[in-house]
Amino acid sequence: MPNFQMVRRVVRSGLLALLLAVSACSKEPSRWDQAATATLPAPAAPKVEGAKLNSFFLADGTDGYSRVFTQEKPGFVEAKLKKDGQEVATLTISDASSDEAVKAKYASAADKVESQPLVTVGKNQSAVLVNNKFQLKVSSQSLDAEARKALLAKFDINGLAKL
Amino acid sequence: MSDSDKPIHLLLEELPTTSMTTRLLHLLDYVVPGQWQNITNFEQMVKQVTGEEDQSLIQQVGERAIMLYNDPNNGYQKAVWIYQMLDDTGGMAGLAALADKLSSSFNFSKFLDDVTPKADSVQAVDAVVKLVGELCAFCYSNGMPGDSVGDFAAAFANAEKEDAMRVAAFLAFDCVLPLGPDFLEKLTSGIASLTDDTLSGNGRFSKIVSYLPSVDLFGAKELIVNNFNATKDVLARFAAQHGIDQGSVFGRVQGILGNADQKLDYVAAGIDLVSNHFEHTGIQSVARRVISRAYGEI
C-alpha cells in the first residue's frame with residue numbers, strides 16, 4: 001500500500017522532529033550530570049579475578065541460609081543470602097587495593113572482626129577491610145548491625161588475608 | 001548521542017511510566033506477584049536497592065553506578081544493547097512503538113488489522129533467538145557467577161524483580177501465547193530444523209551474533225542448542241510453577257484490549273510488534289545491577 005507507506009514515513013519523520021524539539025528544550029540539570037560522562041580511574045594494578053574470591057564467602061547452608069552467587073566481575077563478586085526463598089542480605093567481596101577513598105573510611109574504625117577493621121555504612125551496611133586490600137560487605141534491609149557483623153565473621157577472613 | 005551511548009540513569013528515566021508495554025507487564029503480576037514495579041526514576045531505584053535515605057550516600061552510590069555503566073569493559077552496555085535489539089522489529093513496529101510512547105490510548109485492536117501472524121516454526125525460531133539473547137545479556141550483566149554450571153543455572157533460576165518479570169513476559173508472550181502448552185516441544189523441533197541460512201535470515205539473531213565474543217554464524221547453531229539445553233528445564237518449571245497457560249494469558253490480554261473478537265495468533269503477533277518487554281525490564285535490571293555493585297564497592 002504505497003499511500004500507507006508514505007503516510008507512515010511522513011508521520012514518523014514529523015513525530016521524530018517533534019520529539020527532538022521537545023527533548024532539546026526540556027533538558028533540565030540533574031544531580032547525575034557530573035557522572036554522566038565519567039568513568040572510574042583505572043586501577044594501579046589489575047584487579048583480582050572474580051572467581052578467585054568465591055571460596056571466601058560464607059558457605060551455602062550456613063545458619064539455614066541458602067547462598068546464591070549473582071554477579072561476578074573482575075575484582076567484584078556478589079551473592080544473595082536467602083531464607084525460605086526470600087532475600088535476607090546481599091554479600092559482596094571487592095578488590096579495593098587501589099581505591100584510597102574507599103579504604104579511608106576504615107581509618108576511624110572502632111570495631112574489628114578477626115582483627116580486621118569493621119565499619120558501618122549508612123543504615124543497612126557493615127563492612128570489613130581485609131589486609132588493607134579486600135572489602136567484605138553485608139547489606140541488608142532487615143538485619144541489624146550485630147547480625148550483619150555475625151555474618152561477616154563467617155566469611156573466610158584469614159584465608160582472604162593471604163590472597 | 002545514539003540510544004546505546006546514553007548513561008544508565010537517562011536510559012532508565014526515559015522509559016515510559018505508562019505504555020502498551022507496561023500495561024502488558026502489569027497484567028502478568030499474577031504470574032510473579034509483587035516482583036515488578038515500574039521504576040523509571042534513578043534515585044528511586046538507588047533507594048529501592050539500598051534501602052538508604054541519606055542523600056550524600058545515595059549520591060555516592062548513584063554516581064559510582066553511572067560510572068561503572070559508562071565503562072564498556074564492564075559489559076553492562078552490551079547487555080542493554082542486546083535487550084534493545086531483541087525488541088527491535090523495525091518498520092511497522094517502529095511506528096507502533098512511537099505511537100505507543102505518545103499515547104496511552106493506542107488502538108491495539110485496529111493495529112491488528114495490519115498484522116500478519118507468524119507460522120509456528122518461525123515463531124519458535126524467534127523465541128529461541130530471544131532466549132539466546134537473554135542468556136547473553138545475563139552473562140554481560142552478571143558475568144558467570146559461581147564455580148559451576150549448577151551455580152550458573154541457580155543464578156538464572158533465581159530471577160527476581162525485573163528479571164523475573166522478563167522471564168514471565170518471554171514465556172507468556174513469546175512462547176505460551178503463540179505456541180501453546182507444548183511450546184518446549186515446538187522450540188526443540190524448531191532448533192532441530194535450524195540451518196545457517198535460517199539464522200542468517202533472522203535479523204535479530206545476526207545482530208546479536210555481532211556482540212558475542214568469538215562466535216560466528218557457523219558456530220551459532222551449537223551455541224543455541226547448548227543454551228537451550230542448559231535452560232529448558234528451568235523454563236518449563238517456571239511456566240508450570242507460576243501458572244502461565246495460554247488461556248489465562250489470552251484472557252487477560254483481551255481484558256486490556258477491550259475487544260474479545262481478536263484471534264489468538266493475531267494478538268500474539270501484535271504483541272511481538274508493539275511490546276518492548278525485553279528493553280524495558282532489561283534497562284531496569286541493568287540499572288539495579290550496577291547500583292547493587294556500586295553499593296558493594298563504595
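Naming: A, B, ... by sequence-line order, numbering from 1 per chain. Values below: every heavy atom of this structure, side chains too, minus hydrogens, waters and symmetry copies. Quick caveat: nothing in here was measured; it's all calculated off a predicted structure.
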Leading residue by heavy atom contact count with chain B [cutoff under 4.5 Å; candidates [options]]:
| options | value |
| --- | --- |
| A:T70, A:L136, A:V77, A:D95 | A:T70 |
| A:Q125, A:E87, A:Q34 | A:Q125 |
| A:G122, A:S30, A:A36 | A:A36 |

With no hydrogens and no angle check, is any side-chain donor or acceptor of [X] less than 3.5 Å from a backbone partner on [Y]?
| X | Y | result |
| --- | --- | --- |
| B:N70 | A:A38 | yes |
| A:K137 | B:I298 | yes |
| B:D71 | A:L40 | no |
| A:E78 | B:G296 | no |

> When heavy-atom pairs shorter than 4.5 Å are enumerated against chain A, which of B:R64, B:E13, B:E53 gives the highest number?
Replying inline: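 Winner by heavy-atom pair count: B:R64.
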
> When only pairs under 4.5 Å are counted, which of B:I8, B:L68, B:D54, B:I58 shares the most heavy-atom pairs with chain A?
Replying inline: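 If we count pairs closer than 4.5 Å to chain A, B:I58 comes out on top.
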
> Listed by chain and number, what are the side chain to side chain contact (heavy atoms under 4.5 Å, CB included) partners of A:A35, not counting sequence neighbours?
Replying inline: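 Listed in chain order: B:E63, B:I66, B:M67.
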
Where on [X] is there a heavy atom nearer than 4.5 Å to chain B: the side chain, the backbone, both, or neither?
| X | value |
| --- | --- |
| A:V138 | neither |
| A:A96 | neither |
| A:D60 | neither |
| A:T92 | side chain |

>> What's the separation between atom CZ in B:R293 and atom NZ in A:K73, rounded to the nearest 0.5 Å?
In response: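 It comes to 6.5 Å.
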
Is [X] in contact with chain A via its backbone, its side chain, both, or neither, using a 4.5 Å heavy-atom distance?
| X | result |
| --- | --- |
| B:N74 | backbone |
| B:Q55 | both |
| B:S141 | backbone |

> Does anything in residues 101-118 of chain A get under 4.5 Å of chain B by heavy atoms, and if so which residues?
Replying inline: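 Residues of residues 101-118 of chain A touching chain B at under 4.5 Å: A:V102, A:K105.
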
> Does the side chain of A:R31 pick up a donor-acceptor pair with the side chain of B:Q59 at under 3.5 Å?
Replying inline: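 There is such a pair (donor and acceptor under 3.5 Å, judged by atom type) between the side chains of A:R31 and B:Q59.
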
> Would one find more than 12 heavy atoms of other residues, nucleotides or ligands at under 6.0 Å from atom NZ of A:K52?
Replying inline: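 No.
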
> Are any of the side-chain heavy atoms of A:Q71 and B:P145 separated by less than 4.5 Å?
Replying inline: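 In short, these two side chains do not touch, never coming nearer than 4.5 Å.
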
>> Considering only residues two or more places apart or on different chains, which pairs with a residue in residues 69-104 of chain A satisfy ring pair (Phe, Tyr, Trp, His ring centres under 6.0 Å)?
In response: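 Passing the test, one end in residues 69-104 of chain A: A:F57-A:F69.
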
> Given the rule in the salt bridge (charged side-chain N to carboxylate O under 4.0 Å, His left out) test, do B:E160 and A:K82 qualify, once you have shown the distances and angles that lead to the verdict?
Replying inline: CA-CA 12 Å; B:E160 289 186 325; A:K82 296 186 161 194; 3.0 Å; yes

Tabulate below the donor-acceptor pairs under 3.5 Å that side-chain atoms of residues 44-52 of chain B make, not counting sequence neighbours, or state none.
unit_1 : atom_1 : unit_2 : atom_2 : d
B:K47  : NZ     : B:E43  : OE2    : 3.1
B:Q48  : OE1    : B:R288 : NH1    : 3.4
B:Q48  : OE1    : B:R288 : NH2    : 2.8
B:Q48  : NE2    : B:Q37  : OE1    : 2.5
B:T50  : OG1    : B:V46  : O      : 2.8
B:T50  : OG1    : B:E52  : N      : 3.1
B:E52  : OE1    : A:K123 : N      : 2.8
B:E52  : OE2    : A:K123 : N      : 3.2
B:E52  : OE2    : A:N124 : N      : 3.0
B:E52  : OE2    : B:Y295 : OH     : 2.5

